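Letters A, B, ... mirror the listed sequences (proteins, then strands); counts begin at 1. Nothing here was measured: the structure is a model prediction, and the numbers come from that model.
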Amino acid sequence: MLVGPTAAGKSGLAAALVRRYAAAGRQAEIVNADSMLVYRGMDIGTAKPSEAERAEIPHHMVDLLDVDENATVAEFQLLARHAIEDCRARFVIPIVVGGSALYVRAIVDDFEFPGTDPAVRARLEQELATQGAEHLHQRLSAADPVAAARILPGNARRVIRALEVIELTGRSFSAVLPEYRYRLADVVQIGIAVDRPTLDMRIATRVEAMWAAGFVEEVRRLDSAGLRGSLTASRALGYRQVLRYLDGEINEAQAQDLTIIGTRKFARRQESWFRKDARIRWLPYDHPELVSAAYALAGPTGTGAVPDALAPAAEMKD
RNA sequence: GGCAGGUUGCCCGAGCGGCCAAAGGGAGCGGUCUGUAAAAUCGUCGGCUGAAGCCUACGUUGGUUCGAAUCCAACACCUGCCA
């Protein structure tokens with residue numbers, strides 16, 4: 001699978017890899033692990049692979065939801081794992097490509113998400129609104145001191161989820177992330193590394209190109225399709241800023257600037273997530289033989305495993 | 001040309017004689033993260049230093065004062081009203 005910050009060139013490399021596998025007589029397909037690509041209609045702002053590309057190469061986990069629906073990790077995890085299994089059952093190499101670290105880990109690592117309940121959730125939200133975050137955190141302290149100690153009082157979102165889980169399961173809420181151990185077999189993670197000045201430039205260029213491609217119109221269209229009704233979709237980078245512009249809160253130039261800045265910050269967060277995962281093999285974005293290098297890491301079967309006949313490359317095995 | 005106001009750290013912006021390296025916000029940098037993750041959240045934030053401390057800093061130059069970002073004068077630039 002391919003990871004890395006936004007605008008690093010993951011999609012391009014993924015497509016090149018698929019073609020490389022095709023040339024070697026192996027079929028490969030792409031499984032998206034990017035939280036916003038699941039929305040139909042959110043195309044320009046998410047730099048979604050084009051129609052042509054998707055006609056050439058099958059993409060899974062793209063265009064599953066309408067913009068007025070909420071996305072959740074748990075559902076994504078389930079569907080993405082199905083997609084991967086489905087590929088493997090057909091002897092197709094699944095190439096997972098994504099920049100949403102939690103989504104990526106939810107797919108390949110041992111993540112189990114306790115259920116959710118809209119009613120419980122709504123009540124807790126209500127409690128937050130009327131009594132404040134501090135109060136909720138105190139309640140959590142009483143119910144589960146360990147979890148409370150690990151979650152800062154100001155982080156109401158996490159406090160609510162912890163209380164929800166405790167209430168639904170009756171068990172304490174483990175606020176600890178699982179270890180970095182693959183749950184899926186034969187995973188190779190490849191990261192694309194880009195130095196900051198270059199990445200920042202690419203982000204600015206990409207955002208400007210989005211605008212030139214009619215991004216504002218896209219958002220206007222999705223707005224009337226109910227974009228604001230989705231907690232998740234309406235918060236997407238760029239979309240959120242353009243909505244503010246459409247509301248007259250800021251001007252168009254500001255919306256664009258804020259999108260660039262927001263994307264840059266997002267890229268930093270992505271980096272900090274991926275940086276921690278020691279399993280990722282990093283390749284520089286400007287590697288002269290990037291595709292070959294990635295192919296060598298992934299191996300001819302996409303599993304990192306190298307047949308004995310190709311022994312010299314064996315140390316590439318992850 | 002006359003009158004009034006302004007010039008603060010990377011940016012915006014408060015301060016109006018000592019408690020000011022200077023509130024607050026933004027950017028930057030670093031961290032946290034299990035059902036909103038393109039989200040949420042915390043810290044840090046002039047330089048040197050572990051610290052005490054020192055240096056540089058509130059348009060410029062001079063002055064008043066024990067002491068000035070804060071008061072005075074001149075100059076520069078910007079803004080508003082009258083022409």
Side-chain angles (χ1 to χ4, degrees), chain A residues 3 5-7 32-39 42 44-48 65 67 69-79 98-118 120-122 124-125 128 133 137 147 149-166 168-169 171-180 183 196-197 200 203 206-207 210 219 227-243 250 254 257-277:
Chain A
V3 300
T6 186
N32 157 252
D34 220 282
S35 63
M36 293 301 156
L37 291 191
V38 299
Y39 285 108
M42 289 174 66
I44 299 172
T46 59
K48 190 179 285 174
L65 299 176
V67 289
E69 299 180 279
N70 289 327
T72 71
V73 207
E75 194 178 354
F76 194 97
Q77 175 191 47
L78 185 72
L79 294 175
S100 305
L102 178 64
Y103 283 37
V104 170
R105 288 207 61 197
I107 295 171
V108 296
D109 286 337
D110 217 356
F111 268 72
E112 277 178 39
F113 299 101
T116 185
D117 181 330
V120 174
R121 179 60 66 104
L124 288 168
E125 296 280 2
L128 170 67
H137 192 260
R150 300 189 116 261
I151 301 174
L152 290 163
N155 202 343
R157 191 95 88 232
R158 291 199 67 218
V159 174
I160 286 182
R161 166 97 270 245
L163 287 169
E164 181 190 22
V165 170
I166 291 167
L168 291 178
T169 65
R171 299 200 315 262
S172 62
F173 176 74
S174 163
V176 189
L177 284 163
E179 288 175 41
Y180 288 96
R183 177 197 170 119
R196 293 217 167 148
D200 290 352
I203 288 170
R206 171 179 280 192
V207 171
M210 276 161 42
V219 181
L227 177 61
R228 290 171 207 264
S230 165
L231 237 36
T232 39
S234 66
R235 303 270 218 279
L237 267 169
Y239 294 86
R240 166 195 255 182
Q241 286 79 2
V242 171
L243 283 177
I250 54 178
Q254 285 173 316
D257 285 348
L258 289 174
T259 300
I260 292 172
I261 291 167
T263 306
R264 214 157 56 204
K265 292 170 72 164
F266 169 53
R268 305 282 120 101
R269 265 178 282 135
Q270 290 177 301
E271 283 179 339
S272 79
W273 256 101
F274 293 128
R275 205 159 34 206
K276 286 197 303 189
D277 192 338

Scan every strand shown for a Watson-Crick or G-U wobble partner of [N], both distances under 3.5 Å, and answer none if you come up empty.
N	result
G1(B)	C82(B)
A52(B)	none
A73(B)	U61(B)
G24(B)	C12(B)

Classify [X] by what it touches in the nucleic acid, base, sugar-phosphate, or nothing, heavy-atom distance under 4.0 Å.
X	result
Ser230(A)	nothing
Gln270(A)	nothing
Gln241(A)	nothing
Ala71(A)	sugar-phosphate
Gly262(A)	nothing
Gly238(A)	nothing

Applying side chain to side chain donor-acceptor pair (under 3.5 Å), name anything that partners Arg183(A), two or more places apart in sequence or on another chain. Asp110(A)
List for me each residue that meets side chain to side chain donor-acceptor pair (under 3.5 Å) alongside Asn70(A), sequence neighbours excluded, and say none if there are none.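 Listed in chain order: Ser230(A).
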Counting C-beta onward and ignoring hydrogens, is there a side-chain heavy-atom pair between Gln254(A) and Asp257(A) closer than 4.5 Å?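 Not touching, per the 4.5 Å side-chain cut-off.
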Looking at [N], I'd like to know if its phosphate oxygens (OP1 or OP2) sit under 4.0 Å from a side-chain N or O belonging to [X].
X	N	answer
Arg240(A)	A40(B)	yes
Arg269(A)	A37(B)	no
Arg157(A)	G35(B)	no
Arg264(A)	G28(B)	yes
Arg235(A)	U36(B)	no
Lys265(A)	C29(B)	no
Arg121(A)	U36(B)	yes

More than 12 heavy atoms of other residues, nucleotides or ligands under 6.0 Å from CD of Glu125(A): is that the case?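 Above 12, so yes.
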Could you state the atom-to-atom distance from [atom1] of [X] to [atom2] of [N] in whole Å?
X	N	atom1	atom2	answer
Asn155(A)	C42(B)	CG	P	7 Å
Leu128(A)	A40(B)	CG	P	14 Å
Met36(A)	U36(B)	CE	C1'	8 Å

On RNA chain B, compare the nucleotides closest to Tyr103(A) and Lys276(A); which residue's is nearer the 5' end? Lys276(A)
Map Phe266(A) and Arg275(A) onto RNA chain B by nearest heavy atom, then report which one ends up closer to the 5' terminus.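 Final value for this comparison: Arg275(A).
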Would you indicate which nucleotide in C33(B), G35(B), G30(B) comes nearest to any side-chain atom of Arg196(A)? G30(B)
For the atom pair CD (Glu164(A)) and CZ (Phe173(A)), what is the distance rounded to the nearest 0.5 Å?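 Here the rounded value is 9.5 Å.
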Give the intermediate values and the outcome of side-chain contact (heavy atoms from CB on, under 4.5 Å) for residues Asp34(A) and Thr46(A). CA-CA 9 Å; Asp34(A) 220 282; Thr46(A) 59; over 6 Å; no
